[in-house]
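Chain naming here is simple, since letters A, B, ... match the order of the sequence lines and numbering starts at 1 in each.
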There are 2 protein chains.
Amino acid sequence: MTRYSISELANYFNVTTRTIRYYEEIGLLKPERNDSGYRQFTKKEVTQLQLIFRGKKYGFNLDEIKEMVLLFDEDPTGHEQLKRTIEYGEGKISEVDQRIHELQVMKGEMESLMQVFYDELNQLEEDEL
Amino acid sequence: MTRYSISELANYFNVTTRTIRYYEEIGLLKPERNDSGYRQFTKKEVTQLQLIFRGKKYGFNLDEIKEMVLLFDEDPTGHEQLKRTIEYGEGKISEVDQRIHELQVMKGEMESLMQVFYDELNQLEEDEL
DNA sequence: ATTGAGCTTCACGTTAACGTCAATGTTAAA
DNA sequence: TTTAACATTGACGTTAACGTGAAGCTCAAT
């Protein structure tokens, strides 16, 4: 299993090492350590960091992201636990869906605001003839 | 023309008056004042606040939002100015579009992560037979 | 005319999400 | 074996986006 150092990941994700340490501080990551205390990151942490940065980019704060990461981290064994996990996950997915829809509304509004400028430009260019 | 007080708007948008004053502080709003210095909000500020809160909700910070508000505030008279405004606006719209696409990717990823749980649940329920 | 709710401007406090030293330990290469 | 580039843990600093008084003005209602 390939292991990564903290600066390798920081480089890959284009953030500082402080950022990654901070994510461990608040419980978003729990990388293994080697004998001298160095963090050893694996594919698992890479996946988690991907989720974190995608989430951040789109308005979720680290507390919300933490919930998602923990959701897909622990394996929910047992019927009831599994069903609750699925319910929670579906809730999060529909939150994302909601954001998509509102962004589409926003895009539409911006486009109709732009229409005013397009009309104005056309008018100006017709006048030039 | 209907005028609104600061607390009427704060109530309507479900924020504090401090928030609205802060938006004026950083130049997002420039409401008129009456003789005694009270802020007088009109339909224009309501529209701007709608844009602000929608933007905030979806990951734009107040500096980015300020650019958008100013874009749709001043009327860009003159051919060159108008063309630059349109170009800028189109840029902003494609930024929004980009966010929509990435959110869709995120949704897809979450759904495929959920699939694992669905499969597991099915397995559990088959075992019960 | 007074009271209470609402407005004003300072101006300092707070929280999230890191930035930025400092002091020290580790490791790979020359 | 020493040097340079890495790592570690404190711990204080910073910025955005407000929160929270304080001190005083205004307005509507009693």
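Nucleic acid contact for A/I26: none, since no nucleic acid atom lies under 4.0 Å from a heavy atom of the residue. Note on B/N61: only backbone sugar-phosphate atoms sit closer than 4.0 angstrom, heavy atoms only; bases stay farther off.
Atom CG in A/D63 sits about 7 Å away from atom P in C/dA16, given to the nearest Å. A straight line from CZ of B/R21 to C1' of D/dC18 spans 13 Å, rounded to a whole angstrom. For the pair B/D35 CG and D/dC25 P, the computed distance is 17 Å after rounding to whole Å. Here the C1' atom of nucleotide C/dT26 and the CD1 atom of A/I6 are 15 Å apart, to the nearest Å.
The phosphate of D/dC27 (OP1 or OP2) has a side-chain N or O of B/S36 nearer than 4.0 angstrom. For D/dG19, the OP1/OP2 oxygens have a side-chain nitrogen or oxygen of B/T16 closer than 4.0 Å. Dashed line: the shortest gap from a side-chain N or O of A/S5 to OP1 or OP2 of D/dC6 is not under 4.0 Å. Taking only side-chain nitrogens and oxygens, A/T17 never comes nearer than 4.0 Å to OP1 or OP2 of D/dA7. Residue A/R33 has no polar side-chain atom (N or O) positioned under 4.0 Å from OP1 or OP2 of C/dT26. For A/K66, no side-chain nitrogen or oxygen approaches OP1 or OP2 of C/dA16 to under 4.0 Å. Taking only side-chain nitrogens and oxygens, A/Y23 comes nearer than 4.0 Å to OP1 or OP2 of C/dC18.
A donor and an acceptor atom, one from each side chain of B/T47 and B/Q50, are nowhere located under 3.5 Å apart.
For B/S7, counting side-chain heavy atoms from C-beta on, the closest listed nucleotide (C/dC7, D/dA7, D/dC18) is C/dC7. Listed nucleotides: C/dT20, C/dA11, D/dT9. Nearest to the side chain of B/R18: C/dA11.
With hydrogens and angles ignored, the 3.5 Å screen pairs no side-chain donor or acceptor of B/E102 with any backbone N or O of B/R99. Remark: side-chain polar atoms of A/S7 are not paired, donor with acceptor, to backbone N or O of A/A10 under 3.5 angstrom.
Residue-to-nucleotide contacts include a donor-acceptor pair under 3.5 Å from the side chain of A/Y38 to the base of C/dG25. In this model, no side-chain donor or acceptor of B/R39 finds a partner on the base of C/dT8 within 3.5 Å.
Counting all heavy atoms, side chain and backbone alike, A/R33 lies closest to A/Q40 at C-CG, 4.0 Å.
By the neighbour-count criterion of 12 heavy atoms within 6.0 Å, atom OH of B/Y118 is densely surrounded, having more than that number from other residues, nucleotides or ligands.
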